[in-house]
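I have placed the structure first, in the form of C-alpha cells, so that the comments after it can refer back to it.
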Amino acid sequence: MSVEEEFRLYHQTRYDNLAWSSEEKSYRQSRRYREDVSSKYTLLATSSLLLKYKKSILGNYLDVFNEQQKQDKDLNENKFGITLWELQRCNEKDAKAFQKRNSMFGDGVEVLRSAIRECEVVNLKYLKKITTTVALPGCYINLVDVDLKKFSNVGVLVLTSNCLKDIEGSCLPSKLLYLELYDNFISSIRNLVDGIPKHLMYLGLGRNRLNDDSCLHLFSQNSNFKRLQNLDLSDNDICRLQEVLSGAAGLKSLKSLALEGNPCAVTVNYSNVIFNNFPQLKYLDNVEILDFDRTDAKPVHDDDGEAKLTFTCYRIMGLPKPPLKTNVASSIHVEVELPLLEPLPAAAEEAPDADQVPGDVTQKSDKKNVGQEPDKSSRGSKTFSKKSGKLNSKSKSVNNPSPYSQRNEYNVTEEKNNLLFKSERMPWRSIIEFPPVFVESPQKDLVSIRDTFRSIVNVRVVYTESLLTSKHKKSLIGKKSNKRERITVEDAAPTAEEAPEEIISTKITLASFFCDLRSVNWSDEAVDFYWADHSIIGTEAVRVNGCLKEIQYAEAGNKSKQQKQAESEISSSITRVNRIPNVFTCQIGFGLKRRSQTQVRYSLDKSITDSIM
C-alpha cells in the first residue's frame, strides 16, 4: 500500500470519528435526509409553487383549486370580507403562521384585493403576471422545469435548501435579477450559465458541491454575467484559488465575492491575492474592504497554497498557586485535540518529542476521539464534572479542594505516545499568557484545515511537575537563596552548556472543555472562546464576539495613588482595565496564519465575561 493510500484510509477513520460542530451537524443531517427523498421522488419547481399558492391566502380563490365553485366578482368579494373578518380575530400565533404562508407575496391581503378588483375569476394567468418574488426554501425540489419561465416578471428566485443537482439557465425567468441556490447539491455550473438571464445581479451558490472541476472559468466567458455584482461561492470545496481568479476575471461589475468556507480561503495569502486581482471589489466574504486593508496587502497575485491553523491561549487566570516543593519545577500548558491534522502513526513514531514547540513550529498530535467527554475508565478514580468542565478526584476534600491534589496521570509509555498539540509550558502566575502555536496539515491538505473549523475540539489545561537532576541542581545554586522557595520553569531553564535532563514526575489535567468552532473570516484574527469554572458555562466554552486578546487585566491589591492614577490614564486612553476573575478562567482563540492586521475591527461583547467576574 502506497503512502498516499495509507494516509487516505487513516484520514477516513479520523472523519468517521470526528465530532462536527452543531451548525455543521445540522447541515449534514438535513442534507442526508434530502438526498434520500430526492432519490425516491421527482418534484418540479412549478409543482412546489402551486402547492405554495394552495396553502396561501389565494388558495380559496384560485379557480384551479376551486373547480366546484362558479366564481365571479360578487362571490369573491363576499369571501374576501369573511377572510378579513377572520384575520382580525386571529391570535398572535395564527398571525405568524399566516405571515409565513404568505411570505412570498409581501402583503398577501393586498395581492388578493388587487386580484379580486381586476379579475372576474382569480386564475394562474393573472398570478404569473403579477408575481415578482418566488421563495421556495426547503421544498425538496430536484428539478427546475421550463414552466417556471412563464412567470415572466419574477425578479427574485430563492431555492435554498432543496435537492437540486443541476439547473438549466434557459428555464429561468427572463427578468430575473436575484438567484439564490444556497445549500443544494450542484456540482457544475455548465448548464446554469447556458442561457442564464442577462440582467442577473446576484448569484448565490454557497454550500453546494462546487470544486476545482466545476467549470468556474465559464463565468468570464459568458456575456450574460456582465451585470453580475454579487457572487456567493462560500462553503464549497474549491481548493485552487486560481480557478476562481480565472472564472471571475471577466466580471467587471463584480462588487462582492464570498469564498469563506472553501479550502482555498484558509491560505496565508488568500485576502492579498483577492485584493490584488479584483481592485473594484467592495466586499469580501460579506465584510467591507476598508482602505487600510488594501494598503496593508502585499503585492501577491498568485497563491502558493501555504496554510496553517493557529491556536493561542491568551491567558489563564484565577488558578491558585501550586504548592511549594523543593527541587521541583512546575508549569502550566494547554493541550488541544485536532484529529484531522494528525500525521500517520508511523510518521508520528519517528517524530521528535514535541513537548514544547514555541512560535512558528509545526506540532504533531496523537490519536484521540475529539468532542467526547474524557473516558472515565482511563482516569482511574477521577470523574468528569459536566457542571464545571473539570476532572475531579473522588478522594479530594469536599471543602474547597486544591486542583493540584488530583491523581497523578503521568505514565511514561502513554506520554511517549502522547502527541497532542501543545502550547509552550509556562510558569504559574496570576495571569498566565502563552505564545501562539502554528499547526500545518499533513500532506498540505487544505480540506482538513477547513473541516477542523467545522468541528468541536477538546481543550485541556494541564499542570506538570518536573524533577531536577543533580547536575541541574548545581546550576541553580545562587539563583535561589531560600531553599524552600518554589522553582519555576523559567528558573530551571538551563544554558546550552548545562543541558540537564528533565524528568517529568507529575501530570494533572486541571480542566477539560470543548470549543464549537466555525470558519474564520479573513478580517478576523481568530474565533475566540471563554471558559470558566462556573455553573453558567459548564463543559462548552462560550464563543465570544470580538477579540479577547485586546482585553487588559490588572491585579487587585493595595496600590499607591500614583499607580492608580497611571492606570486610570491608561484605561481612559486605550481600553478598560479589568480585574482578574476570582474563578479559574481560560481564554483561547483558534485562527489561521494570515498577513499581519494593523487594526482591530470589532469591539468585544463582554456580557458573558462580566457576568462571572
Side-chain angles (χ1 to χ4, degrees), residues 2 4-5 7-9 11-12 15 24 27-28 31-32 34-35 38-39 142-144 159 162-172 179-196 200 203-225 228 230-251 254 257-267 269-270 273-274 277-278 285 301-307 340 441-454 519:
S2 66
E4 289 77 10
E5 291 175 343
F7 178 78
R8 192 180 303 112
L9 290 174
H11 210 49
Q12 186 58 47
Y15 271 96
E24 183 67 19
Y27 271 121
R28 288 175 175 265
R31 291 172 76 87
R32 280 197 298 269
R34 281 184 280 134
E35 274 194 297
S38 179
S39 64
N142 51 19
L143 181 62
V144 175
L159 298 173
N162 281 289
C163 308
L164 295 169
K165 295 183 178 180
D166 197 4
I167 181 171
E168 295 187 8
S170 57
C171 295
L172 300 173
L179 176 60
E180 181 58 86
L181 298 169
Y182 188 85
D183 191 19
N184 280 278
F185 306 108
I186 300 171
S187 58
S188 175
I189 65 167
R190 182 175 294 278
N191 292 328
L192 175 62
V193 301
D194 186 19
I196 197 162
L200 195 67
L203 177 58
L205 288 166
R207 188 61 80 155
N208 276 275
R209 290 177 174 170
L210 301 179
N211 53 41
D212 297 331
D213 301 318
S214 297
C215 304
L216 299 179
H217 64 279
L218 296 178
F219 280 126
S220 61
Q221 297 179 9
N222 193 317
S223 60
N224 286 356
F225 288 108
L228 190 68
N230 298 272
L231 178 60
D232 181 7
L233 299 174
S234 61
D235 292 300
N236 281 284
D237 297 315
I238 304 169
C239 294
R240 296 195 300 268
L241 195 55
Q242 188 59 41
E243 299 299 322
V244 180
L245 300 180
S246 61
L251 304 178
L254 193 65
L257 177 64
L259 291 169
E260 184 178 338
N262 282 281
C264 67
V266 305
T267 58
N269 291 321
Y270 164 64
V273 172
I274 297 297
N277 283 275
F278 299 98
D285 297 334
H301 292 271
D302 195 7
D303 191 26
D304 58 6
E306 180 189 2
L340 297 185
S441 169
Q443 309 291 321
K444 293 184 182 271
D445 185 8
L446 300 181
V447 177
S448 295
I449 295 180
R450 188 275 308 271
D451 287 346
T452 296
F453 284 98
R454 292 180 172 181
S519 60

If I compare all heavy atoms of [X] with all of [Y], which pair ends up nearest, and what's the gap?
X    : Y    : answer
S187 : S214 : O-OG, 2.7 Å
F219 : L251 : O-CD2, 3.8 Å
C239 : D212 : N-OD1, 3.1 Å

- Is a side-chain N or O of R450 found less than 3.5 angstrom from the main chain of N262, in a donor-acceptor match?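 Absent.
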- Side chain N222, main chain N224, donor-acceptor under 3.5 Å: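 Here the side-chain-to-backbone pair exists.
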If the condition is salt bridge (charged side-chain N to carboxylate O under 4.0 Å, His left out), which residues does [X] pass it with, not counting sequence neighbours?
X    : answer
K165 : none
D194 : none
R190 : none

Who are the side chain to side chain contact (heavy atoms under 4.5 Å, CB included) partners of [X], not counting sequence neighbours?
X    : value
E168 : S170, C171, N191
D183 : Y27, R31, R34, S161, R207
S234 : Y182, D232, A258

- Test applied, side-chain contact (heavy atoms from CB on, under 4.5 Å); reference residue, I167; option that passes from L143, I189, I186: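 Among the candidates, only I186 passes.
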- Among L233, N236, D235, L231, side-chain contact (heavy atoms from CB on, under 4.5 Å) partner for L259: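 That would be L233.
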- Query: So, do N162 and F185 sit near enough that their side-chain heavy atoms are less than 4.5 Å apart?
  - Reply: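 N162 does not reach F185 side chain to side chain.
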- Message: So, taking the atom named OG in S519 and the one named CZ in R454, what distance separates them when rounded to the nearest 0.5 Å?
- Response: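 It is 8.0 Å, given to the nearest 0.5 Å.
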